[in-house]
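I have placed the structure first, in the form of structure tokens, so that the comments after it can refer back to it.
Index from 1, following the sequence. Every number for a ligand or one of its atoms is a count from 1 in the order of the listing.
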Amino acid sequence: MILIDGKKVAEEIRKDIKIQISKLIEDNKPLPGLVTIIVGDNSASQVYVGMKSKTCIELGMNSKVEQLSGDISEKELLEIIDKYNKDENYHGILVQLPLPKHINEEKVIEKIIPEKDVDGFHPINVGNLVIGKDTLFPCTPYGILVLLEKYNIKTKGKHVVVVGRSNIVGKPIANLLLQKKENANAIVTVCHSATSDISQYTLQADILIAAMGKPKFITEDMVKDKAVVVDVGTNRVDDQTAKKGYRIVGDVDFENVSKKVSYITPVPGGVGPMTISMLMFNTLKAYNKINKL
Ligand code: GUN
């Protein structure tokens, strides 16, 4: 079994981005900038946004965290987004999800101009992804593609089974792997909450992508021998022995599943670190496109 070291690959990508930003600095070019908008005080969101901002600064990008009150109106939030749409200092705009219930997530996503949509959630970017055009791809799915590529795991003609159909992970990874392209070209099955007997599908997977947000849902009896398993889950479970009172557990029962697979991503240290690196990649990509570099 080979452990897919997402932390290491994520660091390699950051190093490369840092070099590109150093060149911009040498040439006296303006810096790429990311604004992260967070509404309310969801503690997991606070942690994610903090990590995103810290990474921006480490790589030499401009970072701004716009912390907004949980009772801000939808109209006010849309106005703030529009301000950043027009602000030349920011090439990426990210609104951390989930949003409070009184705010329509779709309206917010559609307000960000597609050129600055570093999450790749805008319908224009989603559409471009589906038809196979280069665009800003959602960070977690893109990170999975890069991990498979770095470990030389071929996807052409392979059966990929995705469990989960979220707009953030399940749907985009399924569509990315379906493309008639190098490092894609897979046969893709998507399972979800209405799938009865999920094992029937997961047992056929050459590559299994678990992205349904249920701790240790994928057990060893659901996985084919020598399969590749990608665990996207980041579930908080209570653990009184841990400093914070919780620990992070994947969607895969790693201890038992890892014994029969060829490759597996751990949690933490697998897909998670890649998400932030791909966000940095997207911010630089948006910057280059906006500045026609
Ligand atoms: N919440 C959970 N994952 C994500 C993500 O990738 N982007 C944003 N904006 N919010 C999230």
Does the side chain of [X] come under 3.5 Å of the side chain of [Y] through a donor N or O and an acceptor N or O?
X    : Y    : result
N152 : K154 : yes
Q46  : Q96  : no
N128 : N125 : no

For this session: Identify, for atom 3 (N) of ligand 1, the protein heavy atom at the shortest distance, and state residue, atom and that distance.
Result: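 The answer is I168 CD1, 4.0 Å.
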Exercise. For atom 11 (C) of ligand 1, what is the nearest protein heavy atom, given as residue, atom name and distance?
Worked result: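 Protein heavy atom with the smallest distance to atom 11 (C) of ligand 1: Q96 NE2, 3.4 Å.
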Exercise. Taking non-hydrogen atoms only, is Y48 closer than 4.0 angstrom to ligand 1 via side chain, backbone, both or neither?
Worked result: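 Answer for Y48: neither.
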Exercise. For ligand 1, which part of L94 has a heavy atom less than 4.0 Å away: the side chain, the backbone, both, or neither?
Worked result: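 It is the side chain that touches ligand 1; the backbone stays farther off.
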Problem set entry | Crowding at CG, D27 (>12 non-hydrogen neighbours, <6.0 Å) |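 Enclosed.
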Exercise. What atoms of ligand 1 come within less than 4.0 Å of a heavy atom belonging to V95?
Worked result: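 So the answer, numbered in order with elements, is 8 (C), 9 (N).
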For this session: For L97, take its heavy atoms, then give the atoms of ligand 1 lying under 4.0 Å from any of them.
Result: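 Counting from 1, the qualifying ligand atoms are 1 (N), 8 (C), 9 (N), 10 (N), 11 (C).
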Exercise. Under the salt bridge (Lys or Arg N to Asp or Glu O under 4.0 Å) criterion, do K285 and D134 qualify, and how do the steps go?
Worked result: CA-CA 11 Å; K285 187 174 179 180; D134 186 33; 2.9 Å; yes
Exercise. Given L279 and L34, is the side-chain contact (heavy atoms from CB on, under 4.5 Å) satisfied, shown in steps?
Worked result: CA-CA 9 Å; L279 174 65; L34 173 71; 4.0 Å; yes
Problem set entry | Residue selection (non-hydrogen contact nearest atom 8 (C) of ligand 1) among D117, V169, D119 |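 The option holding the nearest heavy atom is D119.
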